[in-house]
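Read the numbers this way: they start at 1 and go in the same order the structure lists the ligands and their atoms. For this chain, numbers begin at 1 and follow the sequence in order.
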Amino acid sequence: MKVNGTPYRPIWQAADGEAVEIIDQTRLPHAFVTERLSTAADAAHAIKAMLVRGAPLIGATAAWGLWLAMREDSSDTGLVRAYDSLIVTRPTAVNLRWALDAGRAKLSAIAPADRVDAAAAFARHVCDEDADLNHAIGRHGLEIIKDIAAKKPGEPVNVLTHCNAGWLATVDWGTATSPIYQAHDSGIPIHVWVDETRPRNQGAFLTAWELQNHGVPHTVIVDNAGGHMMQRGLVDLCITGTDRVSANGDIANKIGTYLKALAAHDNGVPFYVALPSPTIDWTLDDGMDIEIEERSASEVTRIPGRLDDGSIAAVTITPDGSPAANPAFDVTPARLVTGLITERGVCAASPDGLRSLFPEHRAAGE
Ligand code: MRU
């Protein structure tokens, strides 16, 4: 996608071939800053501190992290050390494990001397594949939007999304946003309700910035407004991303997703979840077994923003001494999900639905 007319991905190999570059997402929307990652430790830090975030981008950054690690030490010990340092960066997005497992398998099968080039080729492949998968998700999701648009000619289709499952969270297109961008680009009038997504405000900071850059009409709403909007008939469908789908179709996504799914269910609003297949965890039969990341209380007690003089500051919003809890994800049971939009098509959020599109996989225990 483009930023001020220049095409960008959120991660790329530096032109000098000596590092990886990323868009620092902790600086958006008020500053567009890129950072160089020169070591595996830089890559691990970028994931942990959320300079990069979003399940597919976490996987892609880990893949580039393996390349950076192989440049430092391509021995078997170096490979184990790299895997171990990257796998612990964030626990919920399964794309991290997927990328590291695939990268380790590839690299451990070849001689240490060949590992640097092979790791770079692997990381490039992970990135290009993610962009392709997300584009395909968009094509399938577009059909859903087209069907709704046909029922309200001349009126915009109102989509509600939570967090940022946009191109910033992936290598390109985004997952939840891919159908939105493709609908907008094909001339379908579309409007997006953007949940602010406390505590880190990925909706208000990142999704709004992306949509604005691309010219997609949107409105930021507080997290608590979604149910009201649905009751008033102002939401035609919800589309979110996910960090992990268990083999029974439960989905883990940014905290608050479950409440949106409940409200959608109560109001007969379709609730779709968009995902590339590396986000499916075939080893888990039950979404309740997905590890939920607990983050720092300071993300709840403090909030950053731009002051009127243009400077960036964080302020404290809770009484001194009040404890805060910060679960970063929740699990939406499959029964509340209308459908899963994947690169191979749309399926029911169920073991049979997933297997119909991915027959090469078998759920755990089968
Ligand atoms: O904590 P984050 O910002 O990494 O959480 C991101 C999300 O919850 C996204 O919805 C999910 O990773 C899907 S990204 C295509």
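Using a 4.5 Å heavy-atom threshold, the side chains of Phe205 and Asn164 count as separate. For the pair Arg97 and Thr283, the minimum side-chain heavy-atom distance is below 4.5 Å. The shortest side-chain heavy-atom distance between Leu275 and Glu343 does not fall under the 4.5 Å cut-off. Inter-residue side-chain proximity for Leu354 and Trp282 is flagged as met; some heavy-atom pair is nearer than 4.5 Å.
Heavy-atom distances between Pro56 and ligand 1 reach below 4.0 Å in at least one pair.
Here's the thing with Met50: none of its N/O atoms is less than 3.5 angstrom from an N/O atom of ligand 1.
Between the side chains of Gln202 and Thr207, not a single donor N or O lies within less than 3.5 Å of an accepting N or O.
When non-hydrogen atoms are compared, ligand 1 lies under 4.0 Å from the side chain of Gln202 (C-beta onward) but not from its backbone. Under 4.0 Å from ligand 1, the heavy atoms of Thr242 that appear belong solely to its backbone.
Listed by atom number, the atoms of ligand 1 under 4.0 Å from Phe329 heavy atoms are 1 (O), 5 (O), 8 (O). Proximity to Cys163 (heavy-atom distance under 4.0 Å) selects the following atoms of ligand 1: 5 (O), 6 (C), 7 (C), 8 (O). The atoms of ligand 1 that sit less than 4.0 Å from any heavy atom of Ala55 are 12 (O), 14 (S). Taking every non-hydrogen atom of Lys254 and a distance limit under 4.0 Å, the qualifying atoms of ligand 1 come out as 1 (O), 2 (P), 5 (O), 8 (O). Listed by atom number, the atoms of ligand 1 under 4.0 Å from Thr170 heavy atoms are 15 (C).
Atom 15 (C) of ligand 1 has Thr175 OG1, 3.1 Å as its closest protein atom, hydrogens excluded (heavy atom only). Of all protein heavy atoms, the one closest to atom 10 (O) of ligand 1 is Asn253 OD1, 2.7 Å. Among all non-hydrogen protein atoms, the one lying nearest atom 14 (S) of ligand 1 is Ala169 CB, 3.6 Å. If you check which protein heavy atom lies closest to atom 6 (C) of ligand 1, you get Arg53 NH2, 3.5 Å.
A cation-pi arrangement is absent between Lys260 and Phe271 under the rule of less than 6.0 angstrom and at most 45 degrees off the ring axis.
Note on Asp128 versus Arg9: salt bridge recorded, some NZ/NE/NH1/NH2 to OD/OE distance being below 4.0 Å. Using a 4.0 Å cut-off between a side-chain N of Lys or Arg and a carboxylate O of Asp or Glu, Arg81 and Asp84 do not qualify as a salt bridge.
Looking at Asn164, Leu206, Asp243 and measuring to atom 11 (C) of ligand 1, the nearest heavy atom belongs to Asp243. Checking Arg295, Arg90, His162, Arg200 against atom 2 (P) of ligand 1, the nearest heavy atom belongs to Arg90.
The aromatic rings of Phe32 and Tyr8 stand perpendicular to each other, their planes meeting at an angle above 60°, with 30° marking the opposite boundary.
A distance of 4.0 Å separates OH of Tyr272 from CD1 of Ile144, quoted to the nearest 0.5 Å.
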